[in-house]
Protein chains: 2
Amino acid sequence: MELHLQIKMNGRLFLKDPQLTVLGQQILQSGVLLIHEIGFEQFTFKKLAETAGTTEAGVYRYFENKHRLLLYLVSWYWNWLDYQISYCINNISQPELKIRRIIRLLALPVKDDQSTSYINESVLHEIVVEQGTKAYLTKQVTEDNQHQFFKPYKDLCSRIGGILLEYNTELKFPRSLSSSLIEIAHLQKYFKYNLPSLTDFGTTDNDTGIVDFLEEVVFSSLIKKPAKP
Amino acid sequence: MELHLQIKMNGRLFLKDPQLTVLGQQILQSGVLLIHEIGFEQFTFKKLAETAGTTEAGVYRYFENKHRLLLYLVSWYWNWLDYQISYCINNISQPELKIRRIIRLLALPVKDDQSTSYINESVLHEIVVEQGTKAYLTKQVTEDNQHQFFKPYKDLCSRIGGILLEYNTELKFPRSLSSSLIEIAHLQKYFKYNLPSLTDFGTTDNDTGIVDFLEEVVFSSLIKKPAKP
DNA sequence: CAAGCATGATAGTATTACTACTCCAAATCA
DNA sequence: TGATTTGGAGTAGTAATACTATCATGCTTG
């Protein structure tokens, strides 16, 4: 059986839905690979058009500009990850185990999901690690936020926050801890491979050190503290 | 008495030392204000030249490109903050108090330091919060790292890591905790003002909520754990 | 068959990111 | 003092970027 996961995207992110046409899917696929290869700064629609086998104008028919395309891809990722998490913790009752699984999904390398042919999830994961924050670190955050472009990220954050609260119902900062967990997972991963002296993971091949660190920080913060006298 | 703090910068960050000439200082001053005002993406040397009262070529004589200027300003900030921290925890012996002070320096608004006339530190602090990560989230990280452009950040991180170790000598991840602390402080601040639903601070005027959160996370992680059986 | 839509091809503009060259005035030296 | 070097500042030009607009074509759907 072949399962086709169609992720519902905010309609304002694109001019024409890229999921519905062959060219659109080609643009998404090439876009992911090209941004990963040359970085978002060097990435242009002209270069994308070449690798996607179309013209510059062809790409502009789907996306208003490259920032919207980034927002699209990052949103797509958060939606996908949210789904992965809900799938992965399904039927688990212990909050502790849920949190451990989430941390692994955030920090460990992603296996490509065959159910969406046109998006390479493992490459997209690396893009989000490397460039994800650029989606909101702009002067148009407020405007983009009003267009609900960050809803998938907020939903994910809210889901994880809820699970943290299951573990400790008295937790004072569930959302901040949740957004911090997500960002730190990515940042430590980036540091490990690019600026290793900012971490304690050295040059080990696997990312279990990051998992250990995140578990340490998160579970410490989740311990119930005695009320102050 | 007037104290002139001259911060020693990596010579490869600039073509001509901007601290040594009036125009150079003007470029730094206008640069900080302009990047803060319009954001790094919209920022160009042409616009900077106008506000700094020179020509585009004039700016290019000091900095190779705008990324180098950002690296310069961010480095300047980390150097300055490192100095502030060492000054502020001077003569304090309790590690706990040191850490509390550091957290406040990281999260609370910065008062402009009068000892450097040409850099507005409180504005620069906001730039680092908003755009700081763009200094290293590029495809040239490795190259920039080889040029030692991130040394001030690493030094700061290492200093804070050392203090965390003073508090708990068995701490397993001092550098990761340190870099996480710095980045989370900035990110939560950014979220609070731009994407508040990713935090638990609401719309309070002051940033003490962020301080509380950071103290919670850091001191929890610093508690000595009993050895596993 | 006609209408309509998706794509492709071409061209054009304003801005960006630089580079190269020129000019001028102050400092240096014979 | 006069000649010369040197550095700071301006002008102009180029290639690339980020779009926008127009028109032709071919394929589908009613």
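Every chain is numbered from 1, with letters handed out A, B, ... down the list of sequences.
For residues 29-43 of chain B, every residue pair satisfying the salt bridge (charged side-chain N to carboxylate O under 4.0 Å, His left out) rule, not counting sequence neighbours, is listed here: B/E41-B/K134. Applying the side-chain hydrogen bond (donor to acceptor under 3.5 Å, both in side chains) test to every pair with at least one member in residues 149-160 of chain B, sequence neighbours left out, gives these pairs: B/D82-B/R159, B/N145-B/K154, B/K151-B/D155, B/Y153-B/E183.
A distance of 6.0 Å or more separates the ring centres of A/Y136 and A/F149. A distance of 6.0 Å or more separates the ring centres of A/H36 and A/H125.
Between B/E41 atom CD and D/dT17 atom P the separation is 17 Å, expressed in whole Å. Distance CG (B/L15) to C1' (D/dA9): 16 Å, rounded to an integer number of Å. Straight-line distance from the CD atom of B/Q42 to the P atom of D/dT17: 17 Å, rounded to whole Å. Regarding A/E50, its CD atom lies at a distance of 15 Å from the C1' atom of C/dG8, rounded to whole Å. Here the P atom of nucleotide C/dC18 and the CZ atom of B/R68 are 11 Å apart, to the nearest Å. Summarising the geometry, the separation between CZ on B/F40 and P on C/dT16 is reported as 14 Å, rounded to the nearest angstrom. Per the geometry, CZ belonging to B/F43 stands 18 Å off P belonging to C/dT15, to the nearest Å.
Geometrically, A/K66 does not engage A/F43 in a cation-pi contact, judged by NZ or CZ lying under 6.0 Å from the ring centre and within 45° of the ring axis.
Near DNA chain D, meaning a heavy atom under 4.0 Å from it, residues 55-66 of chain A has A/E56, A/A57, A/Y60, A/E64, A/N65, A/K66 in order of number. Contacts with DNA chain D (heavy atom under 4.0 Å) in residues 20-38 of chain A: none are found.
In this structure, A/D212 has no side-chain hydrogen bond (donor to acceptor under 3.5 Å, both in side chains) partners at least two apart in sequence or on a different chain.
Regarding contacts with the backbone of D/dG10, a side-chain N or O of B/T54 is found under 4.0 angstrom from either OP1 or OP2. Side-chain N/O atoms of A/K47 include none lying less than 4.0 angstrom from OP1 or OP2 on D/dA16.
Using five terminal pairs a side, the axes of the helix from C/dC1-D/dG30 to C/dA30-D/dT1 at its two ends make an angle of 10°, given in steps of 10 degrees.
Contact detail for A/K192 and A/N206: the closest heavy-atom pair is NZ-O, 2.5 Å. Closest non-hydrogen pair, A/G58 versus A/I27, comes out as O-CD1, 4.3 Å.
Checked for salt-bridge contact, A/E130 and B/K139 meet the test: a charged N lies under 4.0 Å from a carboxylate O.
Ring geometry for A/Y77 versus A/W80: interplanar angle of 30 to 60°, hence tilted. By the 30° and 60° cut-offs, the orientation of the rings of A/W78 relative to A/H186 is parallel.
Here A/K16 lies in heavy-atom contact (under 4.0 Å) with sugar-phosphate atoms only.
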